[in-house]
J.: 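The structure under discussion is supplied below as structure tokens; questions concerning it will follow.
The chains referred to below are lettered A, B, ... by the order of the sequence lines, with proteins before strands, and numbering in each begins at 1.
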2 protein chains.
Amino acid sequence: MTAPDTSCSPADNPRLGLRERKKIKTREAIRSATYALVEEQGYDATTIEQIAERAEVSPSTVFRYFPTKEDIVLTDEYDPLIMEELRARPADEPWPDSLRYVMHRAVQLGMKEPLRVSRLRTRLMVEVPAVRSRMMESMSATGRMLCQAIGERTGRDPQSLEVRVYAMSLVGGLMETSMYWAEHAHEGDFDALLDRTLDVIGYGLPPENH
Amino acid sequence: MTAPDTSCSPADNPRLGLRERKKIKTREAIRSATYALVEEQGYDATTIEQIAERAEVSPSTVFRYFPTKEDIVLTDEYDPLIMEELRARPADEPWPDSLRYVMHRAVQLGMKEPLRVSRLRTRLMVEVPAVRSRMMESMSATGRMLCQAIGERTGRDPQSLEVRVYAMSLVGGLMETSMYWAEHAHEGDFDALLDRTLDVIGYGLPPENH
DNA sequence: CTAGATTTTGAGAGTTACTTTCATTTCATG
DNA sequence: CATGAAATGAAAGTAACTCTCAAAATCTAG
């Protein structure tokens, strides 16, 4: 590895061994190499070999870090975070309120990374079927986690059809919201969209909106 | 093509030219070859080459008929049928009633093919991520179509966030219902599950179900 | 029925994502 | 420093898909 390993970010967790730190670095190198290349040439035109080359690792290493090409551009899930926040809500808070709070919080956290990246990601979701697919896959995992949470909160069987349907319809609605946002050039406030989404899911289609 | 072209099903639309008839036959040959092989060896172990061989066509031909391997095991959509049925409902019928009626009808029509096949399909949906993914993709197309229908029925903007979210949450819920059914060994009445699903989506999670 | 236009097919070579294996290097630890 | 464990790279392999082009099957006029 001939890369100058000069830049070790200021407050980079110094507790970790050199090995762990290098792994994190490699992961980030692959990610940012991918983002750059995709912005330059588009997703399909970008091959793993190019990514490997720019990240200064071998193609095999790329696959060791990410099981598929799509996974490189997708975030590491917020799922655990959501669960945590959800469990932290007061037990007597009505479920819809908890849900709304936590979803807004998730968006907040999601905005931590550079805007460029989250926009690229949602754009790819809309434009590249493979990425969208992978995203949907991961949302079905989110659905299962939500079932769990709902079970804990409401004392219901998380495996029941009702809970599962509710969770998946929620997840489907949220996915659509992201796509809507991306398709409308990311204009406006995502939080506002989120509220409208949760209203539809909670109360059904409003009688008229025009 | 050395296959004995003896069996031209009884009432096989005789209006079509020989060319069209052959195309339909080839399509079906590829499909049933795939079903058979997948039942014998599993989905991943079944290659396009094997499928081509058993269907007595070349691999190139397989790809001419189906863009991806997953598409071979997935049904040709009911989407147009659903739209048609939906448009045929009386204009003054409340939307939830129309929806419920049409969904039951779609299930009815979907059961036309041999049980073996529809079970295999749902099983693959649960077990093979690629198939599930592809299915979700196609359901997002269904979602767009539903938006259209809802627009026609309710006079709403089919592009609005509200309609889109509603449609996708519906579609997500229905997908989960299929998976639930498959995971429970296809036992019981799908119609009953469908009713429970539509209740959840229409009225929210019932207060208690135990 | 034949000749020519059109469509469908098959053969083959090429691309690329992903897998697997194994030898080499890099880090951790006593 | 030495020894073991983990990370890496090189290389060969698989299989889904794409493209191109020539041969074969079907359709249509005359």
Side-chain angles (χ1 to χ4, degrees), chain A residues 1-5 8 13-30 33-34 37-38 41-74 124 128-134 137, chain B residues 1-5 8 14-30 33-34 37-38 41-74 124 128-131 133-134 137:
Chain A
M1 198 165 296
T2 54
D5 51 317
C8 195
N13 210 335
R15 209 145 291 258
L16 273 45
L18 195 144
R19 221 165 226 173
E20 301 300 313
R21 263 176 293 152
K22 253 196 168 170
K23 278 206 321 199
I24 292 175
K25 244 187 182 169
T26 304
R27 211 182 158 76
E28 277 173 7
I30 294 173
T34 307
L37 284 167
V38 167
Q41 343 169 321
Y43 181 84
D44 289 326
T46 301
T47 74
I48 297 284
E49 234 177 306
Q50 294 172 333
I51 293 171
E53 195 185 347
R54 185 165 304 194
E56 293 182 289
V57 295
S58 78
S60 353
T61 298
V62 174
F63 285 115
R64 265 199 208 78
Y65 281 80
F66 299 94
T68 74
K69 188 177 157 188
E70 293 87 46
D71 282 292
I72 307 179
V73 300
L74 263 25
L124 290 176
V128 183
V131 173
R132 182 171 49 242
S133 264
R134 191 69 193 75
E137 259 307 285
Chain B
M1 200 163 298
T2 53
D5 50 317
C8 194
R15 211 144 289 257
L16 272 45
L18 193 140
R19 222 168 225 171
E20 301 299 314
R21 264 177 293 152
K22 255 196 167 170
K23 280 209 314 204
I24 293 176
K25 247 189 180 164
T26 305
R27 211 182 157 78
E28 278 172 6
I30 294 173
T34 306
L37 284 167
V38 167
Q41 345 171 322
Y43 181 84
D44 289 326
T46 300
T47 75
I48 298 285
E49 233 175 306
Q50 294 172 333
I51 294 170
E53 194 185 350
R54 186 166 302 196
E56 293 182 289
V57 296
S58 78
S60 350
T61 299
V62 174
F63 285 116
R64 263 201 268 291
Y65 280 81
F66 299 95
T68 73
K69 188 178 158 189
E70 294 88 46
D71 282 292
I72 308 180
V73 301
L74 263 25
L124 290 176
V128 183
V131 173
S133 263
R134 191 70 192 75
E137 257 307 283

J.: Would the distance check show the side chain of Lys69(A) and the main-chain N or O of Thr46(A) forming a donor-acceptor pair, the cut-off being under 3.5 Å?
T.: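 Between the backbone of Thr46(A) and the side chain of Lys69(A) there is a qualifying donor-acceptor contact (under 3.5 Å).
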J.: Quick one: which of dG10(C), dC18(C), dA16(D) gets closest to the side chain of Ser58(B)?
T.: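 Out of dG10(C), dC18(C), dA16(D), the nucleotide with an atom closest to Ser58(B)'s side chain is dG10(C).
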J.: Between Thr47(A) and Ile51(A), is any pair of side-chain heavy atoms under 4.5 Å apart?
T.: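 SC-SC contact between Thr47(A) and Ile51(A) ruled out.
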J.: Each nucleotide N or O in nucleotides 5-8 of chain C that has a protein N or O under 3.5 Å away: list the pair and distance.
T.:
| from | atom 1 | to | atom 2 | distance (Å) |
| --- | --- | --- | --- | --- |
| dT6(C) | O2 | Arg19(B) | NH2 | 3.2 |
| dT7(C) | O4' | Arg19(B) | NH1 | 3.4 |
| dT8(C) | OP1 | Lys23(B) | NZ | 2.7 |

J.: Give the rounded distance in Å between these two atoms: NZ of Lys25(A) and P of dA7(D).
T.: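 In whole Å, dA7(D) P lies 17 Å from Lys25(A) NZ.
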J.: Please report the distance, rounded to the nearest Å, between CD in Gln50(A) and P in dT16(C).
T.: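 Result: 8 Å.
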J.: Arg21(A) CZ to dT26(C) C1': how many Å, rounded?
T.: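 Rounded to whole Å, this separation is 14 Å.
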J.: Can you check the Asp44(A) CG to dC17(D) C1' distance for me, whole Å?
T.: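 The answer, rounded to whole Å, is 12 Å.
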J.: Rounded to the nearest Å, what distance is computed from the CD1 atom of residue Ile48(A) to the C1' atom of nucleotide dA16(D)?
T.: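 It is 15 Å, rounded to the nearest whole Å.
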J.: Just how far, in rounded Å, is P of dC17(D) from CD1 of Ile30(B)?
T.: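 About 14 Å, once rounded to whole Å.
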J.: With a 4.5 Å cut-off on side-chain heavy atoms, are Arg134(A) and Glu137(A) touching?
T.: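 The answer is yes, as the side chains (C-beta and beyond) meet within the 4.5 Å cut-off.
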J.: Taking the side chain as everything from C-beta on, heavy atoms only, tell me whether Leu37(B) gets closer than 4.5 Å to Thr34(B).
T.: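 Heavy-atom side-chain distance check fails, nothing below 4.5 Å.
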J.: I need the CZ-P distance between Phe63(B) and dG12(C), as an integer number of Å.
T.: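 Between P of dG12(C) and CZ of Phe63(B): 17 Å.
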J.: Any side-chain N or O of Lys22(A) below 4.0 angstrom from OP1/OP2 of dA7(D)?
T.: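 So the side chain of Lys22(A) is outside the cut-off, no N or O lying under 4.0 Å from OP1 or OP2 of dA7(D).
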J.: Answer yes or no: does a side-chain N or O of Thr61(B) lie under 4.0 Å from OP1 or OP2 of dT9(C)?
T.: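 So the side-chain polar atoms of Thr61(B) never come under 4.0 Å of the phosphate oxygens OP1 or OP2 of dT9(C).
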J.: Return the value, rounded to whole Å, for the distance between atom NZ of Lys69(B) and atom P of dT18(D).
T.: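 Checked: the NZ to P distance equals 15 Å.
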J.: Looking only at heavy atoms, which two atoms of Gln50(A) and Ala45(A) are closest? And how far apart?
T.: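 Looking at all heavy atoms of both residues, the shortest contact is OE1-O, 3.4 Å.
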J.: So, under a plain 3.5 Å distance rule, would you say the side chain of Ser60(B) forms a donor-acceptor pair with the base of dA11(C)?
T.: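 By the distance-only test, yes, there is a pair.
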J.: Would you call Val128(A) and Val73(A) a side-chain contact if the rule is heavy atoms closer than 4.5 Å?
T.: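 Side-chain contact under 4.5 Å: no.
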J.: Apply side-chain hydrogen bond (donor to acceptor under 3.5 Å, both in side chains) to Ser133(B) and list each qualifying residue two or more places apart in sequence or on a separate chain.
T.: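 If we apply the side-chain hydrogen bond (donor to acceptor under 3.5 Å, both in side chains) test to Ser133(B), skipping adjacent residues, there are no hits.
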J.: Looking at the side chain of Leu18(A), which of dA28(C), dA15(D), dT8(D) is the nearest nucleotide?
T.: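 Shortest atom-to-atom distance from the side chain points to dA28(C).
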